[in-house]
Amino acid sequence: MPGRGFQAIGLARRLRLHIRGWAPHCMVVAIVLGIAAASFGLPLILPPLRLADESFSDLMIGHFSPPQPQHRGVAMVAIGEDSFVAMACRSPVDRAFLADLIERLRVAKVRAIGIDILFDQPTLPQNDERLRRRLNDPGVPVVAISALEQTVLTERQQAFLQSFLAGVPHGYANLAKDTLDGTVRWHVPAASGDGSPSFPARLASVLGVAVPTEPFRIDWRNGPEPGTSPFPVYPAELVHLLPPDWLAGKVVLVGTVLSGSDRHRTPLSSLGASMPGVEIQAQVLAQLLDGRTSRRLTAGEQALLTLAASAVGVALAMAGPPLWLLALAGSAILATLWSGSAVLFASGGALVPLLAPSLALGGGIGGMTAHRSLRERTDRRTLMRLFANHVSEPVADEIWRERATFMAGGQPRPQLLTATVLFSDIRGFTTICEALPPDALIHWLDTYLNKMVDIASAHDGVVLRFIGDAVLAVFGAPVARTSQAEIDADASRAVDCALAMSRALEALNQRWKAESLPSIVIRIGIHTGPLVAGSLGGIRHREYSLLGDTANTAARLEAYAKEVAGKTTPWSQIIVGEPTWNAVRTRLDGTPVGELMLRGKRNPVRVWLVRDGDPLSDDDPLSGRSP
């Protein structure tokens, strides 16, 4: 039995040693996976990195796309400067010329015709009617372009466009441009609102080709040689001279190719050159007709490559070479990766997005080096102390708890939240300014603002700024509320704050009267609703700001108090919007005083005047009274 006991002790000791021996390996695996995940995920969520990733891919497409023969199924008829010589009207494009052009294309027995010209204005009635008949003639299908609602068109233009295209197959020509740099990389085959098809999607559908329903990357097709279009391009004024078989059986897109008009940046653009919109539509149409998809690596393949690069970087750092040799080896591997990817793509292979694996390689080297040399450098308490140097400790604690959703890059990230905004102003302030000397004015105003800030802070409000005598405060920021109960509590605190500010004026006015300074009456507007909060400004000046209708409405409510005869107290008028009033109506008195119509809103905002039916006691520290 004792022998068995010693055996059990030895087994447990060996097991502990085995687990302890595996711990470093687990840490290495965690570092590899963490760096790979970060390198793969950051370019997807961080705009600067995403733009860099897309730009690198654009360079690869623009410089290493393999040459291809001109597409056999799609051709372009270009309306350029020479074409307008033969036209009676330049803008809008001569409708009679277009009608004749469509007829010639039908005679040439094309497969289908796409007109990339927007018919949003009338011309000569007989020419407009003639073109409409050609668009509706049986036989060869003709598809025209329309425009989405966000297109900058007047109501008259929209109405004419819809009327002109009645009965004519059409699709929107709006291009999906990257919000970061305006480059066209994706195509949206169906509008998000009503599902109306895009111009190339409608053409493909008319020809019986299945069209994807989700947005897809454009597989850019290069021409047979530099400077040559991937599609046959014929001047519109010379179509009647072409041999019939040159266009027979092709889908022909008709559009303008003018300098500075309807030109857009694409991955094929080089040295700042842009591509005509009709050629972009041709690229998408050819892709749909061919059934091609982007040659870019799939997300799974990108993830595996990123993981491998992270593992190589960590392995290099674990080998422990000198820093100069480590940097040289990493640079050599990166050069091999980039050159190999270019050769692969130029030979017709897949396009390899290189930012994520490059980040993973560098991150693996740097991460493991940092892990080996400095393992404990981050201290949460130190960070909290740094926060507390700038804000109160309770606010710092809340910021830390909510840091994942609140902070980004060391400053508040833009966020959509629901909060209550308080805007106060002194009645007749301009007259008071003119009556007081500078020293007395500053002393008088400083006393008032200090008191208002103290009251706002006591009610968990954040005073954002002073606008002259006006005070702008918010309740429910910077950390967003997650429930209606919290939102209502903020609204209630804002109204209580306004009441406390009103009551504090009694003591202030008495004090100023004794000092031969003017007494005041304040107007306060309060509104609850959604707004965007974020940090605005540059290196020299930055401030936390509120954007949106809620802040504007609070200011409008304060101004609206001029039209209201009643008062909350002898020294104030507190006007609140309906969302704020709903949060306090069960415990406070108020009077509906009207409806305020705001620009951009269909329905007016109902407005209440708060009545102070429960004044603070004389010994309340917020009242400003002496006991």
Side-chain angles (χ1 to χ4, degrees), residues 31-68 176 178 180-181 183-187 212 214-223 226 230 265-270 275 283-284 286-287 290-317 327-367:
I31 291 175
V32 170
L33 293 177
I35 290 175
S39 302
F40 181 77
L42 288 178
L44 299 178
I45 62 177
L46 292 181
L49 290 181
R50 183 174 70 80
L51 179 58
D53 191 27
E54 294 287 4
S55 298
F56 293 150
S57 297
D58 291 350
L59 290 174
M60 197 74 70
I61 294 172
H63 293 279
F64 297 104
S65 289
Q68 300 182 57
D178 196 308
L180 296 177
D181 64 353
T183 301
V184 179
R185 300 185 179 96
W186 290 74
H187 183 74
E214 296 297 324
F216 57 86
R217 279 188 179 272
I218 301 176
D219 183 32
W220 298 98
R221 182 186 180 93
N222 213 348
R265 179 172 177 79
T266 71
L268 290 179
S269 302
S270 60
M275 182 180 291
Q283 289 273 4
V284 176
Q287 181 174 344
D290 298 341
R292 290 180 282 116
T293 57
S294 173
R295 290 185 291 156
R296 189 183 179 99
L297 287 183
T298 65
E301 293 168 341
Q302 294 180 49
L304 289 176
L305 179 61
T306 305
L307 181 62
S310 176
V312 170
V314 169
L316 277 176
L328 182 63
S331 300
I333 294 175
L334 275 180
T336 302
L337 175 64
W338 280 73
S339 59
S341 299
V343 171
L344 174 66
F345 185 67
S347 61
L351 172 63
V352 181
L354 294 171
L355 181 61
S358 300
L359 290 175
L361 178 65
I365 295 174

**Student:** Would you say that Leu307 contacts Leu33 through its side chain, given a criterion of any heavy-atom pair below 4.5 Å between the two side chains?
**Tutor:** yes

**Student:** Could you pull out the closest heavy-atom pair between Leu351 and Ser57, with the gap in Å?
**Tutor:**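 Result for this residue pair: CD2-CB, 4.1 Å.
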
**Student:** Which heavy atom of Ala52 sits nearest a heavy atom of Leu355, and at what distance?
**Tutor:**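 Minimum heavy-atom contact is CB-CD2, 4.2 Å.
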
**Student:** Okay, side chain of Arg295, backbone of Gly349: is any donor-acceptor separation there less than 3.5 Å?
**Tutor:**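 Judged by distance alone, yes, a pair lies under 3.5 Å.
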
**Student:** Taking the side chain as C-beta and beyond, is there a heavy-atom pair between Gln283 and Leu268 under 4.5 Å?
**Tutor:**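 The answer is yes; the side chains approach within 4.5 Å.
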
**Student:** Is Ile61 close to Phe345 at the side-chain level, that is, under 4.5 Å between some pair of heavy atoms?
**Tutor:**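 In short, these two side chains touch, coming nearer than 4.5 Å.
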
**Student:** Taking it one step at a time, do Phe40 and Leu305 satisfy side-chain contact (heavy atoms from CB on, under 4.5 Å)?
**Tutor:** CA-CA 10 Å; Phe40 181 77; Leu305 179 61; over 6 Å; no

**Student:** Give me each pair satisfying salt bridge (charged side-chain N to carboxylate O under 4.0 Å, His left out) with a member in residues 32-52, each pair once, sequence neighbours excluded.
**Tutor:** Arg50-Asp178

**Student:** Can you tell me how far CG of Leu361 sits from OG1 of Thr306, rounded to the nearest 0.5 angstrom?
**Tutor:** 11.0 Å

**Student:** Please confirm whether the backbone N or O of Ser65 pairs with a side-chain atom of Asn222, one donor and one acceptor, at under 3.5 Å?
**Tutor:** yes

**Student:** For the side chain of Ser269 and the backbone of Thr266, is there at least one donor-acceptor N/O pair under 3.5 Å apart?
**Tutor:**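 Such a contact is found between Ser269 side chain and Thr266 backbone.
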
**Student:** Counting distance only, does the side-chain N/O of Ser339 pair as donor-acceptor with the main-chain N or O of Thr336 below 3.5 Å?
**Tutor:** yes

**Student:** Quick one: closest heavy-atom pair of Pro215 and Trp186, and the distance?
**Tutor:**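 Pro215 and Trp186 have their closest heavy atoms at O-CZ3, 3.8 Å.
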
**Student:** Determine the minimum heavy-atom distance between Ala309 and Pro357, stating which atoms define it.
**Tutor:** CB-O, 3.3 Å

**Student:** Would you check if Ser341 and Leu337 make a side-chain contact, meaning some heavy-atom pair closer than 4.5 Å?
**Tutor:** yes

**Student:** With respect to Arg296, which candidate in Met60, Glu301, Gln302 satisfies the side-chain contact (heavy atoms from CB on, under 4.5 Å) definition?
**Tutor:** Gln302

**Student:** How far does CD1 of Ile365 sit from CD1 of Ile333, to the nearest 0.5 angstrom?
**Tutor:** 6.5 Å

**Student:** To the nearest 0.5 Å, how far apart are CG in Asp219 and CG in Asp290?
**Tutor:**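 Asp219 atom CG to Asp290 atom CG measures 9.0 Å (nearest 0.5 Å).
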
**Student:** Write down the atom of Arg217, the atom of Gln287, and the distance for their closest heavy-atom approach.
**Tutor:** O-NE2, 3.2 Å

**Student:** Taking all non-hydrogen atoms of both residues, which atom of Pro43 and which atom of Ala38 are closest, and how far apart?
**Tutor:**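 Closest pair (atom of Pro43, atom of Ala38, distance): CD-O, 4.2 Å.
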
**Student:** Look at the rings of Trp338 and Phe56 and say which category their plane angle falls in: under 30° parallel, 30 to 60° tilted, over 60° perpendicular.
**Tutor:**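 Ring orientation, 0 to 90° scale: perpendicular.
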
